[in-house]
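Predicted model, so just to flag it, every value in this text is computed and none were measured.
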Amino acid sequence: MTSYTVVIPTTNYLVGISNITIENPLVSSVICENNNLEALPISGRYNSFVKSPTGIIEKLTGHSSFRVDLTKKIDQGDSWQLPMAIAHVLLNKKILAFSSKENLIHDDYTNIIWTTGKITSNLKIKPISFLDQKIKNSIEFFKSSLKTNLVINIVLSSENEDEFKDIISVNEFMKSAINKGNIKLVLINDLTSFFKVFNISNNNTLTKKPQSFTYIKKKIKLILLLFFT
């Protein structure tokens, strides 16, 4: 099965995901940089993004707590939400390839998902700002990746379509790469559309009981057993 590396563009640089670890459901989710002990400032928002009922990741994967390590810091904004949701789904399907601080891409057999966007509780994808700057910061990475014949999937909200067309209309490299099929634009309205485009089954993950619910249920059974004993 094809594996994917998720790349997160910011207005300053590109960020890779170096690790995602499932944690004890009783602790909060955190985002760190390169295995450092200090949680990044966005960890509080990430925890809300993961844990039900506010978040969506627990509903998608059945797990309520994670530690994510990034190759570089993300300090603000919400456009990390779509890449994080995609990365967690791919991890759950065992087709996520991690990056490192030195190299975002490690081999010639991993396709790239370059994505930025906000996501709502009902899995709708919202547009983002500064798309032109994010693409500008990514051009050298795109060129380097295409030298090894990797496929680059740019995944955006459908509401960013007009802006994206305006950006590539004055960028000959991007126009050429898209026309040749080396870079593929994937426009989605919701996360379900992503599942369909990339042929990823999500029937089990969306109906799976959250890990925290299962954990509490087991504890209640044990307490009742001890009580009646």
Side-chain angles (χ1 to χ4, degrees), residues 1-11 13-20 31 46 49 56-57 60-61 66 68-72 74 77-100 103-119 123-128 130-131 134-161 164 167-168 174 177-178 180-202 205:
M1 185 177 290
T2 303
S3 62
Y4 298 92
T5 296
V6 176
V7 177
I8 308 170
T10 71
T11 53
Y13 42 66
L14 294 178
V15 178
I17 300 171
S18 56
N19 200 20
I20 301 179
I31 296 182
Y46 170 65
F49 183 67
I56 63 168
I57 303 302
L60 289 169
T61 67
F66 296 87
V68 174
D69 280 279
L70 302 176
T71 59
K72 290 184 179 180
I74 296 179
D78 297 311
S79 59
W80 50 266
Q81 292 178 349
L82 178 56
M84 281 294 177
I86 289 173
H88 281 78
V89 169
L90 296 178
L91 176 73
N92 210 41
K93 297 297 181 181
K94 297 180 173 57
I95 53 174
L96 176 66
F98 292 117
S99 301
S100 69
N103 295 297
L104 292 178
I105 308 298
H106 283 290
D107 58 60
D108 299 338
Y109 305 100
T110 299
N111 288 336
I112 299 167
I113 294 179
W114 182 103
T115 181
T116 177
K118 294 182 274 190
I119 189 167
L123 306 184
K124 298 295 183 182
I125 310 302
K126 306 302 291 182
I128 51 91
F130 307 110
L131 181 59
K134 291 180 178 181
I135 290 177
K136 182 180 178 181
N137 292 341
S138 305
I139 293 298
E140 292 306 314
F141 170 73
F142 290 157
K143 290 179 178 179
S144 174
S145 299
L146 294 185
K147 287 179 181 178
T148 56
N149 297 317
L150 294 175
V151 175
I152 300 170
N153 300 278
I154 294 179
V155 181
L156 297 171
S157 165
S158 298
E159 295 181 54
N160 279 122
E161 181 178 9
F164 182 82
I167 293 169
I168 66 168
M174 291 293 292
I178 290 173
K180 292 177 181 177
N182 298 324
I183 294 179
K184 298 179 179 180
L185 175 63
V186 180
L187 298 168
I188 56 176
N189 295 313
D190 52 46
L191 203 58
T192 304
S193 302
F194 171 82
F195 294 135
K196 292 178 180 178
V197 172
F198 288 86
N199 196 27
I200 296 174
S201 170
N202 66 314
T205 56

Legend entry - From L82, L131, I188, I125, residue fulfilling side chain to side chain contact (heavy atoms under 4.5 Å, CB included) relative to L156: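 In the set L82, L131, I188, I125, the residue that makes a side chain to side chain contact (heavy atoms under 4.5 Å, CB included) with L156 is L131.
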
Legend entry - Identified side chain to side chain contact (heavy atoms under 4.5 Å, CB included) partner of Y4 from the options I112, I86, I113, L96: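 Answer to the side chain to side chain contact (heavy atoms under 4.5 Å, CB included) test with Y4 among I112, I86, I113, L96: I113.
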
Inset, instruction - Using the ring-ring contact (aromatic ring centres under 6.0 Å, His included) rule, pick out the option among F66, W80, F49 that qualifies with H88. - result: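 With H88 as partner, F66, W80, F49 yield a single ring-ring contact (aromatic ring centres under 6.0 Å, His included), made by F66.
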
Closest approach of [X] to [Y] (non-hydrogen atoms, all atoms of both residues):
{"X": "A87", "Y": "I17", "value": "CB-CD1, 3.5 Å"}
{"X": "L191", "Y": "A85", "value": "CD2-CB, 4.3 Å"}
{"X": "T71", "Y": "S99", "value": "CG2-CB, 4.1 Å"}
{"X": "Y13", "Y": "N137", "value": "N-ND2, 4.0 Å"}
{"X": "Y109", "Y": "S3", "value": "O-OG, 4.1 Å"}

Inset, instruction - In sequence, state the C-alpha distance, the side-chain angles, and the governing distance for V197 and N153, and then conclude on side chain to side chain contact (heavy atoms under 4.5 Å, CB included). - result: CA-CA 11 Å; V197 172; N153 300 278; over 6 Å; no

Name each donor-acceptor pair under 3.5 Å that joins a side chain in residues 141-150 to protein atoms two or more places apart or in another chain, with its distance.
{"residue": "S145", "atom": "OG", "partner": "F141", "partner atom": "O", "Å": "2.9"}
{"residue": "T148", "atom": "OG1", "partner": "S145", "partner atom": "O", "Å": "2.8"}

Give a yes-or-no answer on whether the side chains of [X] and [Y] include a donor-acceptor pair shorter than 3.5 Å.
{"X": "N103", "Y": "S100", "answer": "no"}
{"X": "S79", "Y": "K134", "answer": "yes"}
{"X": "S158", "Y": "N189", "answer": "yes"}

Inset, instruction - Only counting residues at least two apart or in another chain, list the ones meeting side chain to side chain donor-acceptor pair (under 3.5 Å) with N160. - result: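 Partners of N160 under the side chain to side chain donor-acceptor pair (under 3.5 Å) test: E163.
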
